[in-house]
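We count residues from 1, following the sequence as given. Keep in mind it's a predicted model, so treat the numbers as computed, not measured.
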Amino acid sequence: MNKIPITGILFLMLSSGIYGQELFHDDFEADLGQWEYQEPGIAQIIETADIAHRSVLQLTPNKSAESVLIKGSDTWKNVVIEGQALFPTDQHDYLGLVYNYQENDRTDFGCIYIKGKGSYIRVNPHRDGNASRALYEEYKTPLAENAAIKVNQWFSFKAEIIGSECHFYVADMDRPKVIFKYFEYSKGKIGFKPRLVGGEVWLDDISVKQIEGFSYATASDAITYHRDTMINDWNALGPFSTRIAEAEKSKEDVPIVMDGQEYAWSDVTTDPRGCLVAGKVCRYATDEKLAYFSTEIDSEKQTQTEIQFSSLNTLHVWVNSTYVGVIEKQRHAWFDAFQEEAHAGNGLPIALQKGKNRILVLVEGGNYSGDGFYAHMKN
C-alpha cells in the first residue's frame, strides 16, 4: 500500500489555480473579532519575543472538539487558506485544519491535522464531534527533510478547498502532501482546532483567497481502492440508545414505532473507498450510539460461505433473521483488509439460501476515533 497518498501521481499545472480576491486576513495585531468560538480559553492573542511574529494566535487544548472558526466563512466556496504555525513545546500537540464545518443538531466537519511530536499528517473528519482518523489510516503521511516539524520553528502551510476535496500543503507550497476527497460535506465554515489534550499551537498571518481551481490536478489516484469487492448498498435504521428486538427479529426492512415515533429505514451507501461510515448515523455526543444496517445478498444456490469485516466497532450479525455472531472491533478499519494479510479483519461463517438473503448488522457506535466498517463476502 502507499504510505504517502500522492506518491506516483502525475501533477499538471493549471492556470485556474492562480489565486484571486482576498476574502480574509488576520495578523493578530488587534483582537479576535473575526473569529468565533465558545470557550474563551481555547484562543487568545499572545505577545512573543520574535520580531517577525510579535503577536500570534495561541490555540490551547480544552479536552473538547471545539474549533476556532472564521466568521462568515460558510458563505465562501473554492478557497485557499494560508498561514504560518509553530509548536512551542515538545508535548503531544497538533494543528487541525477545519473545513466544511456544519452544526445543526450535531457537529460534523472535515479535519486534516499536522502532528508536531512525531511530524506527520493525518486525515481526521469529525462526525457528531467524534474524531474518525482510524477510518483513514492509509492517509497518514510523514513529514520529513525540509518539511519536518521542529519545536519552536515556524513553518508554512496552506489548504486549497473546493467542494469536498482538500489539497493540504506543508513547507513545500508547490506540491500537496495530502489530497483528500472523502469527507461528505461540500460547504461549511473553515478554521482551526488544537489537540484535545497536550501542547499549544501558535498561528500567524492567516489569509483566505478565492480560487477557480486547484493548483495541481491528478491524472490518477495514488491509492487503488477495491470498492467493487465490497458490500456497498445498505439501508440504515437509527440511531437508538438501546437495542431494538423488533428490528432484530424482522425478516424485512419495516418501520419501527417506539414511544409514538416512527423510525423508517433510509438508503445509505459506502464511500468511494467502499467504507460504510457508520458515524454518519450513530451518535457520539449523545447516548444514541446504536444503529442497524441491512443489505441483500443474492445467491445462485444454497451454500456455506463467510462474511468478512474490517471494523472499528463491535458488530452483531444476523442472516435471514438468525443471529450468527459477533465481530470484534479493531484498531483501524483498512480498505485493503481482504487483500493484505497484515490488515486482515474478522469473519463469520454463514449459510445462504438460494435467492435473496437479508444481512442485518448492529453497530455499537460511539467508539472514539471513528465509527465505520468495510464488509466483504468471501468467494
Would you call [X] and [Y] a side-chain contact if the rule is heavy atoms closer than 4.5 Å?
X	Y	value
E66	N62	yes
T107	Y101	yes
F192	S67	no

State, to 0.1 Å, how close [X] and [Y] come at their nearest heavy-atom pair, and which atoms those are.
X	Y	result
C166	I112	SG-CD1, 3.8 Å
Q330	G345	NE2-CA, 3.5 Å
C111	H126	CB-ND1, 4.0 Å
G163	N78	N-OD1, 4.4 Å
L196	S64	CD2-O, 2.7 Å
L135	R127	CD1-NH1, 4.4 Å

[X] side chain to [Y] main-chain N or O, any donor-acceptor pair under 3.5 Å?
X	Y	value
D27	E29	yes
T141	Y139	yes
W334	A344	no
K301	T303	no
N357	G355	yes
K193	A65	no
R106	A285	no
N124	A131	no
S119	L143	yes
N313	G372	yes

[X] and [Y]: side chain donor to acceptor below 3.5 Å:
X	Y	answer
S294	D253	yes
W154	Q84	no
E160	S215	yes
K177	H167	no

If you measure from [atom1] on [X] to [atom2] on [Y], what distance do you get to the nearest 0.5 Å?
X	Y	atom1	atom2	value
Y374	T229	OH	OG1	10.5 Å
I162	S186	CD1	OG	12.0 Å
C275	L312	SG	CG	7.5 Å
I81	I190	CD1	CD1	4.0 Å
K280	C282	NZ	SG	12.0 Å
L360	K249	CG	NZ	13.5 Å

Practice task
State yes or no: do I121 and V98 share one hydrophobic cluster built from I, L, V, M, F, W and Y residues joined by side-chain heavy-atom distances below 4.5 Å, directly or via other members?
Solution key: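 They do not share one cluster, since no chain of ILVMFWY contacts under 4.5 Å joins I121 to V98.
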Problem - Residues forming a salt bridge (charged side-chain N to carboxylate O under 4.0 Å, His left out) with E36, sequence neighbours excluded - result: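 Partners of E36 under the salt bridge (charged side-chain N to carboxylate O under 4.0 Å, His left out) test: K189.
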Handout entry: Results of salt bridge (charged side-chain N to carboxylate O under 4.0 Å, His left out) for R243 - residues two or more places apart only
Key =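 Per chain and number, R243 pairs via salt bridge (charged side-chain N to carboxylate O under 4.0 Å, His left out) with E248.
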Exercise for the section: Run the ring-centre check on F180 versus Y136 and record whether the distance is less than 6.0 Å. Expected result: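 Yes; Y136 has its ring centre under 6.0 Å from that of F180.
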Practice task
Answer with yes or no after comparing the ring centroid distance for F183 and Y185 against a 6.0 Å cut-off, counting only values under it.
Solution key: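 Yes, ring centres under 6.0 Å apart.
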Salt bridge or not for [X] and [Y], using N-O below 4.0 Å?
X	Y	value
D287	K289	no
R283	D105	yes
R122	E137	yes

Practice task
List for me each residue that meets side-chain contact (heavy atoms from CB on, under 4.5 Å) alongside E47, sequence neighbours excluded, and say none if there are none.
Solution key: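 If we apply the side-chain contact (heavy atoms from CB on, under 4.5 Å) test to E47, skipping adjacent residues, the hits are R54, S55.
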Exercise for the section: Apply side chain to side chain donor-acceptor pair (under 3.5 Å) to the pair H316 and E364, showing each step before the final yes or no. Expected result: CA-CA 8 Å; H316 298 269; E364 293 185 3; 2.8 Å; yes
Exercise for the section: Could you go through the side chain to side chain donor-acceptor pair (under 3.5 Å) check for N320 and T322 one step at a time? Expected result: CA-CA 6 Å; N320 298 324; T322 297; over 6 Å; no
Exercise for the section: Dump the intermediate steps for side chain to side chain donor-acceptor pair (under 3.5 Å) on S321 and R358, then the final yes or no. Expected result: CA-CA 8 Å; S321 71; R358 181 174 182 261; over 6 Å; no
Exercise for the section: Mind running salt bridge (charged side-chain N to carboxylate O under 4.0 Å, His left out) on E296 and K356 for me, showing each step along the way? Expected result: CA-CA 6 Å; E296 197 171 80; K356 297 186 183 304; 3.6 Å; yes
Hey, can you pull the donor-acceptor pairs under 3.5 Å for the side chains in residues 255-263, sequence neighbours left out?
residue	atom	partner	partner atom	Å
Q261	OE1	Y263	OH	3.3

Exercise for the section: Let me see the working for E39 and K63 under salt bridge (charged side-chain N to carboxylate O under 4.0 Å, His left out), right down to the final yes or no. Expected result: CA-CA 11 Å; E39 297 185 27; K63 297 183 180 180; over 6 Å; no
Exercise for the section: Answer yes or no for K209 and Y19: cation-pi contact, defined as NZ/CZ to six-membered ring centre under 6.0 Å and angle to ring axis within 45°. Expected result: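 Negative - K209 is either too far from the ring of Y19 or too far off its axis.
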Handout entry: Shared-cluster residues of V319, by chain and number - hydrophobic side chains joined below 4.5 Å
Key =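 Members alongside V319: I231, W234, V268, L276, V281, F293, I297, I307, F309, L315, V317, V324, I327, L348, I350, L352, I359, V361, V363, F373, M377.
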Problem - Residues clustering with Y94 (ILVMFWY side chains joined when closer than 4.5 Å, directly or via others) - result: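 Once heavy-atom contacts under 4.5 Å are chained together, Y94 belongs with Y113, Y120.
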Exercise for the section: Specify whether Y225 and F335 have parallel, tilted or perpendicular ring planes, treating 30° as the upper limit for parallel and 60° as the lower limit for perpendicular. Expected result: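 Perpendicular: the ring planes of Y225 and F335 meet at over 60°.
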Problem - Parallel, tilted or perpendicular: ring planes of F24 versus W35, cut at 30 and 60 degrees - result: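 Ring orientation of F24 relative to W35: perpendicular.
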